[in-house]
Amino acid sequence: MSEDLIIRHCSPTLAGIKTGNIFSCPCPCREELLKDLSRLNRMLSSKGVRVLPLRICGGRALIYLYRPGSLKSDFENGTARELLVKYGYAPEKPSACISRLIHRLRTREDFPHEIGLFLSYPPEDVLGFIHSGGCGHKCSGCWKVYGDKQKAEQTFKKYDFCTKSYVRQWQQGKSIVQLTVAV
């Protein structure tokens, strides 16, 4: 797996301004992917970042790069906790929540929309999406917004600026370790 993919899809998490990102990548060989992820975890764990496969299927892998400490904090939000409990998660145990998410991704035909809670999406927007079936949103960017449009648009701009800055720095020779902020 290319580190370039991580920079392009996960810069806000590497920068410490977002809990997690997911992205899809080619996976012609499961064993090679797992070796790559193990190497990345050795490089990034001291910075508070973990990376793991959520699903490997049909020659592609869905990868989750996240900050466990931020995830724990996100799950302390009352709305997030209620939503997670409703879908069978134990929000006080973030690692168990990730295992449950992996199980839901691998065994369900439809996509578990609560995944937004693992990606720093505002809980009211995740709830709004689930209740509306994706309709009636105020705006969209990284996610569909049902709550605070102005705050979301500022966040979208911040994430976009971060990604462009990280891609530029990556192209100028900075390593993924140098670009990852310890939080």
Side-chain angles (χ1 to χ4, degrees), residues 1-25 33 36-54 61-81 83-84 89 91-102 105 113-126 139-145 147-183:
M1 177 180 50
S2 155
E3 288 181 13
D4 181 61
L5 276 174
I6 294 171
I7 300 297
R8 292 183 186 281
H9 295 283
C10 304
S11 292
T13 299
L14 296 175
I17 61 174
K18 191 172 188 291
T19 296
N21 288 93
I22 59 171
F23 65 96
S24 177
C25 67
L33 174 72
D36 286 346
L37 295 178
S38 179
R39 178 184 58 80
L40 283 165
N41 277 313
R42 282 192 304 276
M43 290 173 22
L44 301 177
S45 65
S46 66
K47 306 267 189 156
V49 173
R50 303 288 183 276
V51 59
L52 53 87
L54 294 177
L62 186 64
I63 305 297
Y64 182 44
L65 184 132
Y66 72 107
R67 292 185 173 268
S70 298
L71 189 65
K72 183 179 186 304
S73 177
D74 288 355
F75 288 175
E76 291 171 359
N77 172 285
T79 303
R81 291 180 68 76
L83 190 56
L84 287 166
Y89 294 87
E92 65 282 356
K93 299 176 187 172
S95 60
C97 289
I98 292 171
S99 295
R100 172 98 175 121
L101 177 64
I102 290 169
L105 280 164
H113 298 298
E114 71 275 7
I115 197 169
L117 298 173
F118 292 77
L119 305 172
S120 297
Y121 298 176
E124 62 271 14
D125 292 338
V126 174
C139 71
S140 64
C142 300
W143 66 87
K144 290 185 177 180
V145 178
D148 190 334
K149 177 182 174 186
Q150 185 177 8
K151 185 176 179 184
E153 287 174 336
Q154 290 170 347
T155 301
F156 298 158
K157 286 178 186 175
K158 182 169 62 170
Y159 291 169
D160 185 54
F161 178 81
C162 176
T163 300
K164 287 177 181 173
S165 174
Y166 267 50
V167 167
R168 186 174 48 257
Q169 292 177 67
W170 168 257
Q171 290 169 339
Q172 292 170 349
K174 281 205 173 179
S175 73
I176 193 167
V177 173
Q178 290 172 311
L179 290 169
T180 304
V181 175
V183 176

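The figures here come from the full heavy-atom set of this structure, side chains too, leaving out hydrogens, waters and symmetry mates.
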Interatomic distance, CD1@Ile17 vs CZ@Arg67, rounded to 0.5 Å, equals 10.0 Å

Distance, nearest 0.5 Å, that separates OG of Ser165 from CG of Leu179 | 8.0 Å

Are Lys157 and Glu153 within salt-bridge range, i.e. N to O under 4.0 Å?
-> no

Say you draw a straight line from CG of Asp125 to OG of Ser140; how long is it, rounded to the nearest 0.5 Å?
-> 11.0 Å

Shortest non-hydrogen contact from Leu40 toward Ile176 = CD2-CD1, 4.3 Å

For the residue pair Phe75 and Phe118, does the interplanar ring angle fall in the parallel (under 30°), tilted (30 to 60°) or perpendicular (over 60°) class?
-> perpendicular

Thr163 versus Ser11, closest heavy-atom pair with distance = CA-CB, 3.7 Å

Closest non-hydrogen atom pair, Met1 against Arg39 | O-NH2, 4.4 Å

Measure the shortest side-chain to side-chain distance between Arg50 and Asn41 over non-hydrogen atoms and say whether it is less than 4.5 angstrom.
-> yes

With rounding to the nearest 0.5 Å, note down the distance linking CD1 in Ile7 to CD in Gln171.
-> 10.5 Å

Distance from Ile115 atom CD1 to Leu62 atom CG, nearest 0.5 Å?
-> 6.0 Å

Would you name the heavy atoms of Ala80 and Asp74 that are closest together and state the gap between them?
-> CB-O, 3.7 Å

Report yes if some heavy atom in the side chain of Leu14 is under 4.5 Å from a heavy atom in the side chain of Leu65; otherwise report no.
-> yes

Supply the atom-to-atom distance Leu44 CG to Ile6 CD1, rounded to the nearest 0.5 angstrom.
-> 7.0 Å

Across all chains, not counting sequence neighbours, the ring-ring contact (aromatic ring centres under 6.0 Å, His included) partners of Trp143 are Tyr121, Phe156

Under 3.5 Å donor-acceptor, Thr19 side chain and Ser120 backbone = no

Do Phe23 and Arg8 touch side chain to side chain, with heavy atoms closer than 4.5 Å?
-> no

Is the number of heavy atoms from other residues, nucleotides or ligands under 6.0 Å of Lys72 NZ greater than 12?
-> no

Taking everything shown except Gln150 itself, do over 12 heavy atoms lie less than 6.0 Å from its CD?
-> no

Under a 4.5 Å cut-off applied to non-hydrogen side-chain atoms, are Leu37 and Ile63 in contact?
-> yes

Between Lys18 and Leu119, is any pair of side-chain heavy atoms under 4.5 Å apart?
-> yes

Of all heavy-atom pairs linking Tyr64 and Ile98, the shortest is CE2-CD1, 4.1 Å

Can you name the nearest heavy-atom pair linking Ser46 to Met43, along with the distance?
-> OG-O, 4.2 Å

